[in-house]
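Note sheet for the following structure.
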Amino acid sequence: AQSVTQLGSHVSVSEGALVLLRCNYSSSVPPYLFWYVQYPNQGLQLLLKYTSAATLVKGINGFEAEFKKSETSFHLTKPSAHMSDAAEYFCAVSEGRTSGTYKYIFGTGTRLKVLA
Amino acid sequence: DAGVTQSPTHLIKTRGQQVTLRCSPKSGHDTVSWYQQALGQGPQFIFQYYEEEERQRGNFPDRFSGHQFPNYSSELNVNALLLGDSALYLCASSYRDRETYEQYFGPGTRLTVT
């Protein structure tokens, strides 16, 4: 069964500092992995996705994530935090068409706070 | 190009009542999935519709039902509302034949049950 674990429900960083949000997954088949961002009172916006091509994935707003199969991880990073990055971030896993399971399994989210 | 739209934005209902939420998928998408996001939690998969049929279902009771129309839009119905049904309901659309099955989310409907 698929599952996602996001370590750290709350993360605080100073403006300009490195952002690191952790995501570990479990999947019985090669997974598809996604990071979404959610601003208050809004839906989910796709930041980036891993679809078995390059292991280092670049997304919008300067974010990137690296797929590490040996560690079953897909951590999200950004070199320099901006105040506008403050939001809730969700990691999700899907087995896609490989197993006929199309649903996303989400982690519990990490709330990022950026300090001035 | 309009993205995924949902209506209404907010809804307040009383326990025991029934509610219908609506979703229009992104242009070109043929599959709609519904998720429930309780406060402080990640979204939980309710079910998915493709070709007007429920194709996959999460761990939700039969009080949750849905429908997909020929134009690919969808409805989520919840009967006999409980206080615990209070949540943000998210609709996501996608194109089924795409291998990655990337989903695009709407802004959600905030349901409050009193």
Side-chain angles (χ1 to χ4, degrees), chain A residues 1-10 21 23-25 27 29-54 57 59-60 67 87-111, chain B residues 2-7 9-10 21 23-26 29-51 53-60 87-112:
Chain A
Q2 307 165 78
S3 67
V4 173
T5 301
Q6 290 185 241
L7 293 176
S9 59
H10 292 81
L21 305 182
C23 173
N24 288 88
Y25 71 91
S27 178
V29 300
Y32 297 109
L33 294 160
F34 306 85
W35 274 100
Y36 283 85
V37 61
Q38 186 176 38
Y39 297 99
N41 300 314
Q42 293 188 27
L44 302 176
Q45 179 184 10
L46 180 68
L47 277 177
L48 48 80
K49 61 184 179 184
Y50 167 75
T51 58
S52 74
V57 180
I60 62 172
F67 173 71
E88 186 96 23
Y89 291 80
F90 292 95
C91 180
V93 64
S94 171
E95 294 182 350
R97 290 205 302 181
T98 305
S99 63
T101 299
Y102 295 90
K103 65 183 180 183
Y104 281 20
I105 300 297
F106 283 89
T108 52
T110 297
R111 184 168 298 277
Chain B
V4 180
T5 60
Q6 292 186 244
S7 63
T9 305
H10 295 88
L21 311 182
C23 170
S24 291
K26 184 177 169 63
H29 285 183
D30 57 6
T31 301
V32 173
S33 302
W34 287 92
Y35 292 81
Q36 180 195 66
Q37 185 180 16
L39 199 62
Q41 300 295 318
Q44 300 288 318
F45 176 76
I46 302 175
F47 44 52
Q48 181 185 93
Y49 277 83
Y50 171 67
E51 291 185 334
E53 289 187 16
E54 183 183 296
R55 299 290 180 166
Q56 200 171 19
R57 189 178 185 91
N59 189 26
F60 279 80
L88 180 68
Y89 288 85
L90 295 165
C91 169
S93 75
S94 52
Y95 183 60
R96 192 171 182 87
D97 281 348
R98 192 158 293 160
E99 177 66 31
T100 60
Y101 204 61
E102 179 178 319
Q103 297 188 15
Y104 291 79
F105 285 81
T109 293
R110 173 75 61 188
L111 173 64
T112 301

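Because the structure is predicted, anything quoted here is derived from the model rather than measured. Naming convention: chains lettered A, B, ... in sequence-line order (proteins, then strands); numbering from 1 in each chain.
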- Measuring heavy-atom distances to chain A, does B:Tyr50 have an atom under 4.5 Å in its side chain, in its backbone, in both, or in neither?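 No part of B:Tyr50 comes within 4.5 Å of chain A.
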- Item | Beyond-backbone contact of A:Leu46 with A:Phe34, side-chain heavy atoms, under 4.5 angstrom | yes
Contact class of A:Gln38 relative to chain B, heavy atoms under 4.5 angstrom: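 Contact with chain B is through the side chain of A:Gln38 alone.
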A:Leu44 portion near chain B, given a 4.5 angstrom heavy-atom threshold:
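When you check distances to chain B, atoms from both the backbone and side chain of A:Leu44 fall under 4.5 Å.
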request  = Between chain A and each of B:Gln6, B:Arg110, B:Gln37, count heavy-atom pairs under 4.5 Å; write down the option with the most.
outcome  =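 Greatest number of close heavy-atom pairs with chain A: B:Gln37.
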What pair of heavy atoms forms the shortest contact from A:Cys91 to A:Val4, and how long is it?
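Residues A:Cys91 and A:Val4, closest heavy atoms: O-CG1, 3.8 Å.
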Practice prompt. Determine the interplanar angle of the A:Phe106 and A:Tyr36 rings, folded into 0 to 90°, and report it as parallel if under 30°, tilted if 30 to 60°, perpendicular if over 60°.
Written response: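 Judged by the thresholds at 30° and 60°, the geometry between A:Phe106 and A:Tyr36 is tilted.
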Sorted by chain and number, sequence neighbours left out, side-chain contact (heavy atoms from CB on, under 4.5 Å) with B:Gln44 holds for B:Phe60
